[in-house]
Amino acid sequence: MSEADVFAALANPTRREVLRLLRERGEQPVQRLATHFDMRRPSLSEHLRVLKDAGLVTERPVGRQRLYALRPEPLREVADWLSPYERFWRAKLAELRDVLDGLPDD
């Protein structure tokens with residue numbers, strides 16, 4: 001697993017939505033996840049495989065089902081990587097606010 005794999009997995013809106021569902025609702029079987037998407041289960045299973053390969057979800061067999069759960073550690077690594085950029089933009093927006101506050105009201 002590399003940072004590139006994580007970013008590639010996060011680039012797709014369906015995969016981001018799967019992660020949101022797992023974050024908000026906990027571990028779920030693919031059948032329950034599939035009810036949230038307008039796609040066939042094999043397509044959703046492919047998205048889950050990409051997320052699993054990127055280390056963003058775990059898969060646990062229970063009987064004939066596979067349960068998926070969020071694995072947040074790679075997301076922390078991404079957040080750590082993005083942190084300097086967030087500080088950069090926060091500072092730029094503060095500078096913009098100061099400029100706008102200094103303009104005369106019309």
Side-chain angles (χ1 to χ4, degrees):
M1 169 185 61
S2 71
E3 284 181 359
D5 294 332
V6 173
F7 279 107
L10 294 174
N12 182 280
T14 298
R15 293 192 282 266
R16 291 193 306 269
E17 179 64 9
V18 168
L19 293 175
R20 185 191 67 77
L21 290 167
L22 294 174
R23 183 191 76 227
E24 291 179 357
R25 300 177 183 180
E27 186 178 59
Q28 296 184 51
V30 68
Q31 296 90 329
R32 190 175 317 144
L33 289 167
T35 64
H36 298 278
F37 300 96
D38 186 25
M39 67 178 66
R40 301 175 136 273
R41 267 189 38 202
S43 296
L44 181 58
S45 292
E46 179 63 21
H47 286 293
L48 288 165
R49 184 190 62 74
V50 171
L51 291 169
K52 183 179 161 200
D53 290 348
L56 292 165
V57 300
T58 60
E59 177 186 65
R60 181 173 66 93
V62 175
R64 293 177 53 169
Q65 294 189 89
R66 299 206 177 276
L67 299 178
Y68 292 88
L70 176 65
R71 187 174 167 272
E73 293 81 7
L75 295 173
R76 279 191 220 120
E77 293 171 14
V78 169
D80 290 345
W81 184 84
L82 288 172
S83 181
Y85 299 98
E86 180 183 355
R87 286 191 300 268
F88 169 81
W89 283 112
R90 195 173 302 150
K92 293 296 181 192
L93 289 172
E95 291 172 15
L96 176 60
R97 183 194 63 227
D98 294 343
V99 168
L100 293 174
D101 286 347
L103 293 176
D105 291 332
D106 287 339

Looking at [X] and [Y], what are the two nearest heavy atoms and their distance?
X	Y	result
Arg71	Gly55	NH1-O, 2.7 Å
Ala54	Pro74	O-CG, 4.2 Å
Leu22	Tyr68	CD2-O, 3.3 Å
Arg16	Ala11	NH1-O, 3.1 Å
Ala9	Arg15	O-NE, 3.0 Å

Worksheet item: What do you reckon, is OH of Tyr85 surrounded by more than 12 foreign heavy atoms closer than 6.0 Å?
Response: no
Fill in: Evaluation steps, side-chain contact (heavy atoms from CB on, under 4.5 Å), between Leu21 and Glu17
CA-CA 6 Å; Leu21 290 167; Glu17 179 64 9; 4.0 Å; yes
Measure the [atom1]-[atom2] distance between [X] and [Y] for me, rounded to the nearest 0.5 Å.
X	Y	atom1	atom2	value
Glu95	Arg90	CD	CZ	13.5 Å
Leu48	Leu56	CG	CG	11.5 Å
Leu82	Arg87	CG	CZ	11.0 Å
Met39	His47	CE	NE2	4.0 Å
Asp38	Thr14	CG	OG1	10.0 Å
Ser45	Lys52	OG	NZ	11.0 Å

Worksheet item: So, His36 and Arg20: side-chain donor and acceptor under 3.5 Å apart, yes or no?
Response: no
Worksheet item: Do any N or O atoms from the side chain of Arg60 and from the backbone of Leu67 form a donor-acceptor pair under 3.5 angstrom?
Response: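 Looks like no, no N/O pair under 3.5 Å.
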Item to complete: State plainly whether the residues Asp80 and Arg76 are in salt-bridge range, i.e. N to O under 4.0 Å.
Response: no
Worksheet entry | side-chain contact (heavy atoms from CB on, under 4.5 Å) between Asp53 and Asp5, intermediate numbers included | CA-CA 8 Å; Asp53 290 348; Asp5 294 332; over 6 Å; no
Worksheet item: Should Val50 and Val30 be counted in the same cluster of Ile, Leu, Val, Met, Phe, Trp and Tyr side chains packed under 4.5 Å apart?
Response: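 No, because Val50 and Val30 fall into different hydrophobic clusters, even though each may have its own neighbours under 4.5 Å.
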Worksheet item: Would you call Val6 and Glu77 a side-chain contact if the rule is heavy atoms closer than 4.5 Å?
Response: no
